[in-house]
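The structure presented is a predicted model; accordingly, all values stated were derived computationally and were not measured.
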Amino acid sequence: MEDTIAAISTALGVGAISIIRVSGNDAIEIVNKIFKNNNLKEKASHTITYGYIVDGEKIIDEVLVSIMKAPKTFTKEDIVEINCHGGIATTNKILELLLVNGCRLAEPGEFTKRAFLNGRIDLIEAEGIMEVINAKSEKSRELAINQLSGSTSNLIKKLRQDILEILANIEVNIDYPEYEDIEQVTNSMLTPKIENIIQKLEEIISKSESNKLIKEGINVSIIGRPNVGKSSLLNCLLEEEKAIVTDIEGTTRDIVEGKINLNGIILNIIDTAGIRKTEDTVEKIGVQKSLELIEKSDLVLYMLNNNDSLTEEDVNIIENLSSKSHIIVINKSDLETKLEKSKFQHYIEISVKDNKGIEDLKNKILELFNFEKIETSDLSYLSDARSIALLKKSLSALLSAREGVFNNYSIDMIEIDIKEAWNLLGEIIGETYQEELINQLFSQFCLGK
């Protein structure tokens with residue numbers, strides 16, 4: 001990180017203003033080479049200076065230059081931001097001049113990566129920045145802001161501190177057994193302490209799973225036989241003609257996707273190929289995809305026709321759905337009833353043709369996932385798959401430690417599992433990390449951030 005980096009931080013295109021950001025030890029000196037009217041090296045930190053960007057004697061643009069000196073900056077390095085007139089040609093020309101005069105083009109996310117590596121933010125806060133940019137709903141934005149503010153990080157830091165106190169007591173007992181005035185760590189003493197941390201972890205994981213739904217949305221697959229109205233229901237929920245609808249069985253051969261915002265929660269809805277036995281090769285693949293999606297979905301809407309009897313295939317699939325969140329959706333409620341509804345404990349009747357029952361279906365989804373509780377829950381929890389996976393691994397290590405205590409394993413053996421839990425929690429906030437992971441994470445950021 002010895003070199004000075006530069007990148008365009010605003011979207012390229014015609015606009016009122018573009019911003020080119022420069023960070024590094026030589027940021028002020030390099031920008032000063034192409035700036036006319038004032039000596040930027042003499043300017044105080046956190047000030048804005050008016051002038052011109054020039055290429056030799058040729059004026060490129062009239063600009064405002066912000067000077068921010070280390071360490072009170074985002075990257076903890078000297079930062080200069082050039083505010084120029086928006087436009088691809090002007091913005092690119094200024095960037096070109098910076099590169100010619102000693103800057104290196106920043107990699108995607110490199111400004112945020114430097115902020116992390118220089119200790120300005122931790123890994124959760126870094127991920128929060130990206131989540132703010134990518135937030136698709138008000139609730140996911142609030143989640144991201146909590147990550148960015150550090151409140152989410154504090155949860156993990158508090159857990160690590162609790163574990164560290166246990167480890168410190170164990171280390172003292174192992175390293176200095178001859179001291180009589182230190183409290184001896186026994187298995188009976190460890191049990192309540194480990195149990196307390198396990199309970200806290202389980203609560204965090206539970207609430208983080210709910211927050212993950214807020215951030216990423218709920219994956220909803222519409223499953224059923226051909227011609228039960230799956231594509232029509234998708235179109236009805238999306239309020240657009242996304243899927244092709246015909247009376248011909250097997251029209252939908254591949255998955256068709258769409259998103260809706262339901263009370264601040266994103267539903268990722270997937271219309272699937274009708275499940276039936278078929279000799280058509282392409283349709284067979286579509287049917288197989290439909291069956292696979294059942295396992296991957298957070299919610300399955302299994303559709304039936306009011307004027308059709310249950311088939312053996314319907315019964316088998318519905319039985320397999322018993323362990324999964326699902327809703328039986330009975331379409332064509334306006335037609336004569338031939339379906340044995342008594343076989344279902346819960347179901348929603350709709351008519352996509354007349355747009356009836358759709359609100360009841362939406363309310364049932366809200367009820368099933370207890371969104372009212374999620375709406376009022378503490379958003380200071382984790383929400384990404386990487387962090388939740390590490391939480392679960394940490395919990396597993398502590399459960400192993402608890403089992404070791406129960407089986408009267410030696411203290412130094414139990415310490416291995418406890419230390420593993422501490423290290424895994426450290427990976428969440430970036431206290432411990434692998435360089436490959438960091439490079440992969442920040443490569444997903446946009447250029448200039």
> Could you state the interatomic distance from CD1 (Ile418) to CD1 (Ile197), rounded to the nearest 0.5 Å?
7.5 Å

> Could you check whether atom CD1 of Ile17 has more than 12 heavy atoms from other residues, nucleotides or ligands sitting under 6.0 Å from it?
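Not buried by this count: 12 neighbours or fewer within 6.0 Å.
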
> Rounded to the nearest 0.5 Å, what's the gap from CD1 on Ile223 to OH on Tyr302? Could you check?
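The distance works out to 8.5 Å.
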
> Mind checking side chain to side chain donor-acceptor pair (under 3.5 Å) for His85 and listing every partner two or more places apart, or none if nothing turns up?
Asp61

> Go through the structure and list residues passing side chain to side chain donor-acceptor pair (under 3.5 Å) with Ser66, not counting sequence neighbours.
none

> Could you pull out all residues at least two apart from Asp162 that satisfy salt bridge (Lys or Arg N to Asp or Glu O under 4.0 Å)?
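Asp162 satisfies salt bridge (Lys or Arg N to Asp or Glu O under 4.0 Å) with Lys158, Lys200 once adjacent residues are dropped.
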
> Could you list the residues that satisfy salt bridge (Lys or Arg N to Asp or Glu O under 4.0 Å) with Lys392, not counting sequence neighbours?
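Glu209.
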
> Determine whether Val329 and Val228 satisfy the following criterion, side-chain contact (heavy atoms from CB on, under 4.5 Å), listing intermediate values before the conclusion.
CA-CA 10 Å; Val329 182; Val228 293; over 6 Å; no

> Could you pull out all residues at least two apart from Glu81 that satisfy salt bridge (Lys or Arg N to Asp or Glu O under 4.0 Å)?
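If we apply the salt bridge (Lys or Arg N to Asp or Glu O under 4.0 Å) test to Glu81, skipping adjacent residues, the hits are Arg21.
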
> Please check: side-chain N/O of Asn32 versus main-chain N/O of Ile28, any donor-acceptor pairing under 3.5 Å?
no

> Please determine which of Leu301, Val300, Asp298 meets the side-chain contact (heavy atoms from CB on, under 4.5 Å) test together with Ser221.
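The option that passes is Val300.
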
> Sequence neighbours left out, what passes side-chain contact (heavy atoms from CB on, under 4.5 Å) with Asn363? Give chain and number order.
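Expected list: Leu366.
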
> Which residues pass the salt bridge (Lys or Arg N to Asp or Glu O under 4.0 Å) test with Lys43, not counting sequence neighbours?
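Counting only residues at least two positions away or on another chain, Lys43 forms no salt bridge (Lys or Arg N to Asp or Glu O under 4.0 Å).
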
> Which residues pass the side-chain contact (heavy atoms from CB on, under 4.5 Å) test with Lys362, not counting sequence neighbours?
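Per chain and number, Lys362 pairs via side-chain contact (heavy atoms from CB on, under 4.5 Å) with Leu237, Leu262, Ile358, Glu359.
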
> Does Gln199 have any side-chain contact (heavy atoms from CB on, under 4.5 Å) partners at least two apart in sequence or in another chain, and if so, which?
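Result, side-chain contact (heavy atoms from CB on, under 4.5 Å) vs Gln199: Glu195.
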
> Rounded to the nearest 0.5 Å, what's the gap from CD on Glu202 to CG on Leu398? Could you check?
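Between atom CD of Glu202 and atom CG of Leu398 there are 10.0 Å.
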
> How would you list, by chain and number, every residue that makes a side chain to side chain donor-acceptor pair (under 3.5 Å) with Ser18, sequence neighbours excluded?
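Partners of Ser18 under the side chain to side chain donor-acceptor pair (under 3.5 Å) test: Thr91.
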
> Going by side chain to side chain donor-acceptor pair (under 3.5 Å), name the residues that satisfy it together with Ser45, two or more places apart in sequence or in a different chain.
none

> Answer yes or no: does atom NZ of Lys72 have more than 12 heavy-atom neighbours from other residues, nucleotides or ligands under 6.0 Å?
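No, not enclosed.
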
> My understanding is that only residues two or more places apart in sequence, or in another chain, count here; which of them pass side-chain contact (heavy atoms from CB on, under 4.5 Å) with Asp417?
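Asp417: side-chain contact (heavy atoms from CB on, under 4.5 Å) contacts with Ser400, Ala401.
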
